[in-house]
Amino acid sequence: MTKIQVYNTMTQRKEEFVPREPGKMSVYVCGVTPYSDTHLGHARPSVIWDVIKRFFRMMGYETYHVQNFTDVDDKIIQRSFDEDVPALEISKRYIAEYLASMDALGVERADLYPKVSEHMDEIIGLVEKLVETDHAYSANGDVFFSVASFPEYGKLSKQKLEELRQGTRFEVDPAKRDAVDFALWKSAKPGEPAWESPWGEGRPGWHIECSAMSLKYLGEAFDFHGGGNDLIFPHHENEIAQSEAATGCALARYWVHNGMLNLKDAKMSKSIGNVISVKELTRRYPKELLRFYLLSTHYRSALEFYDGKLEEVSKGWTRLNDAYRALQDDLKHAVTGDSSLDRETLEVLERLEADLVSALADDFNTAMAFGVLFELVREINGYKHRQGRSEDVLKKASDILQRFAGGVFGVLQETQVQDDSLAESLLDLLLGLRQELRKQKNFALSDQIRDQLADLGVTIEDTPQGPRWKV
RNA sequence: GGCGGCAUAGCCAAGUGGUAAGGCAGAGCUCUGCAAAAGCUCCAUUCCCCGGUUCGAAUCUGGGUGCCGCCUCCA
């Protein structure tokens, strides 16, 4: 079986992936706080994990993906005050918006989307356990995690406790015993959503929900914990402290963090206000192009977005799609053959297929895989240029594109008009007439037809095998 | 200030010890009624700078410089 290498933030190097259970892959991805529209930055980890999951399945694994919604949060509460709408209404609205955006990007749904508001018992239970074992203490209705009680604190983000204490920028809550301690439970202020607890009415702190829900649904030491690299500290560091202090077991086996999506060299973030909404983008561009763009850079690198970027990217993406589309046409005229050209091409295709698997098995290197995809495009186009028409060869190329570009990356655009047979018939009729005109050398009229179809968005290409059109 | 990361052609982007993938743009050619598409050829003696290790470094190492992220909510 192909060995899969994964970069683990914890060890800061690539490691061979060894699943907790043979043949199974489990992942917890930190999801969004639903209080405003989903932006492109959120789409990046979603699309990346979508591809990683599809790849694992291609490699014969069963995948199980849990992704939370942090639907109890300061900003949701703020928004609820602003709009005078219950907090859970706000989160419900934006959860639906998030899921709709992901659907529009062709992102497969997670197996489970647990919400904080529905897991208070688990959260309270975990906090109680931490209090009982002296990893946490309560003070005036708040409960804090005692960082000093967890000697490994800082192991993920490589922070030293002393530096963190000195680096505290904001004034420290006097109820804390140590400036670096963080809240597990916050007492309710008037008007805020609150739940009953042994420490009075309140709500969970930011990090505890992921510890409680990942433990409930994935258990101890599940395979992957994912999220943006902006979550490494404090979010994931604190999750580790809470979970591992409570269970004595590793939280996750591999920590996988994606790079940020930048806009004009600055991180796209709601607080800066430089956001590009997914809803808007999916209205203007095909989802396959958006995915192609998001996957064109390795997931750990920063990715730039700017005006015109998608137009630049679309040229290469179109080339890939055109090659696939042409292949479908050529397959209709394919012949059985076994010439030396056929055999050589088949061999190259097999090598390229293996290269695709290697690229993905090497820390999910989608950028490298795209390079291989384009080599394949050049190979098969060259083959056709040299009059190659073997069904075996064309089928093989089409099959690879379909399984990788289509199945794993989701960047192959499905042919439009497919379901509109009348339009298709009319178009064929028109093109047949135009061929007749061309035969009679009536180029003025045939060019006029081509131009006018172009105005309607239909591109005509005259090939030796006859005219080809695309929308 | 601390921690993590990045710096490869006009642009985007792989490559992490053996002599620079791929895409876009650009130049020339082939095919074509023209166009489009496609194919072929060319396009980084060099990988931010300065030292070191090595037979050999974009790749390892030390030191600079610049940029990004985190240290406060954040995918």
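Residue numbering restarts at 1 for every chain, and letters A, B, ... go by the order of the sequence lines. Computed from a predicted model, the values in this text were never measured in an experiment.
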Approximate separation, where rounding is to 0.5 Å, of E347(A) CD and L352(A) CG: 11.5 Å

Using atom P of each nucleotide, how far apart are C70(B) and C40(B) to the nearest Å? 45 Å

Within the structure shown, what part of the strands sits under 4.0 Å from I460(A) by heavy-atom distance: base, sugar-phosphate, or nothing? base

Using heavy atoms to find the nearest nucleotide of RNA chain B for N229(A) and A444(A) separately, return the residue whose nucleotide is more 5′. A444(A)

Of all the choices, C71(B), A75(B), C11(B), which nucleotide is nearest to the side chain of P234(A) once you look at every atom? C71(B)

Say you draw a straight line from CD of Q328(A) to CG of L394(A); how long is it, rounded to the nearest 0.5 Å? 9.5 Å

Considering every strand and a 4.0 Å limit on heavy-atom distances, what is the contact class for G371(A): base, sugar-phosphate, or nothing? base

Gap in Å between the two C1' atoms, one belonging to U19(B) and one to A36(B), rounded: 40 Å

Can you say whether the rings of F222(A) and Y28(A) are parallel (under 30°), tilted (30 to 60°) or perpendicular (over 60°)? tilted

Quick tally for nucleotides 3-10 of chain B: nucleotides whose base has a protein heavy atom under 4.0 Å get B, sugar-phosphate-only ones S, the rest -, giving SSS-----

Mark yes or no for a side-chain to base donor-acceptor pair under 3.5 Å between R450(A) and C34(B), with no hydrogen or angle criteria applied. yes

Strictly by modelled atom types, are S340(A) and D342(A) linked by a side-chain donor-acceptor pair under 3.5 Å? no

Heavy atoms under 4.0 Å, any strand shown: does R319(A) hit a base, just sugar-phosphate, or nothing? sugar-phosphate

Under 30°, 30 to 60°, or over 60°: which ring-plane class applies to Y254(A) and F224(A), parallel, tilted or perpendicular? tilted

What interatomic distance, in whole Å, is found between P of C24(B) and the corresponding atom of C60(B)? 30 Å

Nucleotide N/O of nucleotides 13-16 of chain B paired with protein N/O under 3.5 Å:
residue: A14(B); atom: OP1; partner: H298(A); partner atom: N; Å: 2.7
residue: A14(B); atom: O3'; partner: N365(A); partner atom: ND2; Å: 2.9
residue: G15(B); atom: OP1; partner: N365(A); partner atom: ND2; Å: 2.7

Name the stems with RNA chain B in them: runs of three or more consecutive Watson-Crick or G-U pairs, distances under 3.5 Å? B:1-7 with B:65-71, B:10-12 with B:22-24, B:26-30 with B:38-42, B:48-52 with B:60-64

Could you pull out all donor-acceptor pairs under 3.5 Å where a side-chain atom in residues 454-462 of chain A meets a protein atom, sequence neighbours excluded?
residue: D462(A); atom: OD1; partner: R434(A); partner atom: NH1; Å: 3.1
residue: D462(A); atom: OD1; partner: R438(A); partner atom: NH1; Å: 3.1
residue: D462(A); atom: OD2; partner: R434(A); partner atom: NH2; Å: 3.0

P atoms of G64(B) and U54(B), separation to the nearest Å: 23 Å

Between G33(B), A25(B), A37(B), which one does the side chain of R438(A) approach most closely? G33(B)

Which sits closer to the 5' end of RNA chain B, V377(A) or A369(A), going by the nucleotide each is nearest to? A369(A)

When you compare A25(B) with G66(B), how far apart are their P atoms, in angstrom units rounded to a whole number? 36 Å

Under 3.5 Å side-chain donor-acceptor pair for H257(A) and H236(A): yes

Y383(A) side chain to E344(A) side chain, donor-acceptor N/O pair below 3.5 angstrom: no

Answer yes or no: does a side-chain N or O of N381(A) lie under 4.0 Å from OP1 or OP2 of G39(B)? yes

Pairwise P distance for C55(B) and A13(B), with rounding to whole Å: 37 Å

Under 30°, 30 to 60°, or over 60°: which ring-plane class applies to Y153(A) and F233(A), parallel, tilted or perpendicular? perpendicular

At 4.0 Å (heavy atoms only), tell me whether G31(A) reaches a base, stays on the sugar-phosphate, or touches nothing. sugar-phosphate

A correct 5'-to-3' footprint of nucleotides 26-31 of chain B, with B, S and - meaning base, sugar-phosphate only and no protein heavy atom under 4.0 Å, is ------

Using a 3.5 Å cut-off and no angle test, enumerate the donor-acceptor pairs between side-chain atoms of residues 366-378 of chain A and protein atoms at least two apart in sequence or in another chain.
residue: T366(A); atom: OG1; partner: L295(A); partner atom: O; Å: 2.7

Below 4.0 angstrom from OP1 or OP2 of G22(B), is there any side-chain N or O of R378(A)? yes

Are G33(B) and F443(A) stacked, with the base six-membered ring and the side-chain ring centres under 5.5 Å apart and planes under 30°? yes

Give the ring-plane orientation class for F17(A) versus F56(A), where under 30° counts as parallel, over 60° as perpendicular and anything between as tilted. perpendicular

Using the C1' atom as the point on both nucleotides, what is the distance between G23(B) and G33(B), in whole Å? 32 Å

Counting any heavy atom closer than 4.0 Å, what does G41(A) reach on the DNA or RNA strands: base, sugar-phosphate only, or nothing? base

Which whole number of Å gives the distance between the P atom of U61(B) and that of C6(B)? 11 Å

Taking the side chain of M260(A) as heavy atoms from C-beta outward, which of A75(B), G22(B), A36(B) is closest to it? A75(B)

